[in-house]
Amino acid sequence: MGCMEDSSKGLYLVKKKGKSSTHSLIFSRLGIVIVALIMQVLGLIAFYNYLSSFLHIFYGGFLLFGICLFIYLLNSDSDNSVKLAWVVLFTISPIIGVLLYSFAKFELGHRVIKRLLLRNEEAAKGLIRTESEVMKELEINDPHLLGIARYISSAGSYPIYKNTEVIYFPLGEDKFKCLLEELEKAEHFIFMEYFIVEEGEMWGAVLEILARKAREGVEVRFMYDGFCEFSLLPSNYPKKLAELGIKCKVFSPVRPFVSTVYNFRDHRKICVIDGKVAFNGGINLADEYINKKERFGHWKDTAVMLKGKAVESFTLMFLQMWNLEKSSLDFENWLFVEQEPIHSSGYVMPYADDPLDSDRVGEMIYYDILNQARKYVHIMTPYLILDGEMENAICFAARRGIDVKIILPHIPDKKYAFALAKTHYKKLLDSGVKIFEYTPGFVHAKVFVSDDTLATVGTINLDYRSLYHHFECGTYMKQVPAIADMEEDFQKTLQLSQEVTYESIKSEKFITKVSGWI
């Protein structure tokens, strides 16, 4: 396997071979991992069967342990819907419920990641701060925004900024074109962190520039989530990138052992160039995101580009993840970049969400936008799998007269997620929420826009995994000119969407309704 260059699609490192899907699955890394995990599960079952012959000895101790866990669960700070799920499992199958809950709470597999990440977050505190003039201005003119800024700063040490230019991209194709242009301008460093990377036209064009910039002496660091190794990239891909001069790391590679570490994925999409330009949004590095490959109809996605001092927050986010395995941190070598003067109105606040701490930052941002709204909240999201709190917040906004509209996909990428979304439809409609499905295809955008003044664009879906179990990030904006572009894009997307009604809910196939509850 070597390098292969195609001028029409960019640089490739993996040659595609014509193998049957069955052969590829059995002999791939994915197949080996699945077999190893199955063997471990069978081993655990066999061990349990062995212990069952001594059940009369262990039953009393196990029952006492289960009661203690049950009391601990009820008094924990977990979401009520999470508690309810565990209580149901404890009731239906006490032994399996206790074992699974113990497995989850003992955090087998990610204690090391948690310790290192908390170390990095502690080391980052105070490195970048909100300018005193901005703080004074907010104290006088916008105490509520000051409160949000204080919360974000306390949760992740990310300041709020003025004079940062924001450009909104309504499609992946728009972001891709601008990304290539900005990468070509890189002189000092390029940091990229993505959830999905797949060889094709998009990644090939990006990789060609990264390799060339690395040869020119630019520091190029690339990081992607370990689930890519399941089916999209080989396990030796970092070595292949290293041969091109690109430093590469894989976050939490999937290994053939049972662990809770697989629950927490790096779902962020960040690109930082020279500390002066940053990209954020839902767009990964694969051809469906720019509609060069059709999977679920037309792919609707969004992103933002930042220019100015706020970029340093995305630099810090990247470095916190990049430095997980390092004993010495190099934050200060890359953070303090002299910026060209930018004069732009409004406030910009990048933020990160970390599943291993006690702050649910992404969810709190969504709550705040819903609760602040005076006229409207317009939402685009690929998934709608809500806990009770988020569902109530959306319904409450609508019931107090706010125009709440949600655009979801009409062609889903995951049928079970689509079915689960539909279980919320009736309650939302009853509260006055208007729901639309994007008829041409799949919506992957994660956008909240409110009252022509507030917006956030990022990686955070309205589903449980994104809000609780993934590393995420976003860009919170107030009174920036790009918000008008976001609302205009929402209205254009709305014109291509069909409204969900009580009649359309009734006409859903029975299997779709049932699968949402399974």
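Everything numeric here is computed off the predicted structure, so don't read it as measured data. Starting from 1, each residue takes its place in the sequence as its number. Heavy-atom basis, side chains included; hydrogens, waters and symmetry copies ignored.
When only modelled atom types and interatomic distance are considered, Gln372 and Asp368 share a side-chain donor-acceptor pair under 3.5 Å. There is a side-chain donor-acceptor pair under 3.5 Å between Asn284 and Tyr289. In this structure, a donor-acceptor pair under 3.5 Å is present between the side chains of Thr475 and Asn280. There is no side-chain donor-acceptor pair under 3.5 Å between Asn163 and Lys307. Donor-acceptor pairing under 3.5 Å is recorded for the side chains of Thr459 and Glu472. For the 3.5 Å distance criterion, the side chains of Tyr376 and Asp452 qualify, holding a donor opposite an acceptor.
Put simply, the side chain of Arg212 never gets that close to the backbone of Glu184: no donor and acceptor are under 3.5 Å apart. Under a 3.5 Å cut-off, the side chain of Thr130 and the backbone N or O of Ile160 do form a donor-acceptor pair.
Applying the ring pair (Phe, Tyr, Trp, His ring centres under 6.0 Å) test between Phe222 and each of Phe318, Phe251, Trp203 identifies Trp203 as the sole match.
Within the structure, every pair that satisfies the ring-ring contact (aromatic ring centres under 6.0 Å, His included) test and touches residues 332-359, not counting sequence neighbours, is listed here: Phe189-Trp334, Phe191-Trp334.
Glu173 and Lys177 are not joined by a salt bridge, as no carboxylate oxygen comes within less than 4.0 angstrom of a charged side-chain nitrogen. Looking at Lys375 and Asp451, no side-chain N of the basic residue comes within less than 4.0 Å of a carboxylate O on the acidic one, giving no salt bridge. With respect to Lys175 and Glu182, no salt bridge is recorded, no charged nitrogen being found less than 4.0 Å from a carboxylate O.
With sequence neighbours excluded, the residues satisfying salt bridge (charged side-chain N to carboxylate O under 4.0 Å, His left out) with Lys247 are Glu219. Every residue was checked against the salt bridge (charged side-chain N to carboxylate O under 4.0 Å, His left out) condition with Glu131, not counting sequence neighbours, and none meets it.
Residue Cys473 comes nearest to Ile270 through the heavy atom pair SG-CG1, 3.8 Å, listed as atom of the first residue, atom of the second, then distance.
Taking the side chain as every heavy atom from C-beta outward, Glu193 and Tyr224 never approach each other to under 4.5 Å.
Note: His470 and Phe264 fail the aromatic proximity criterion, with ring centroids not under 6.0 Å apart.
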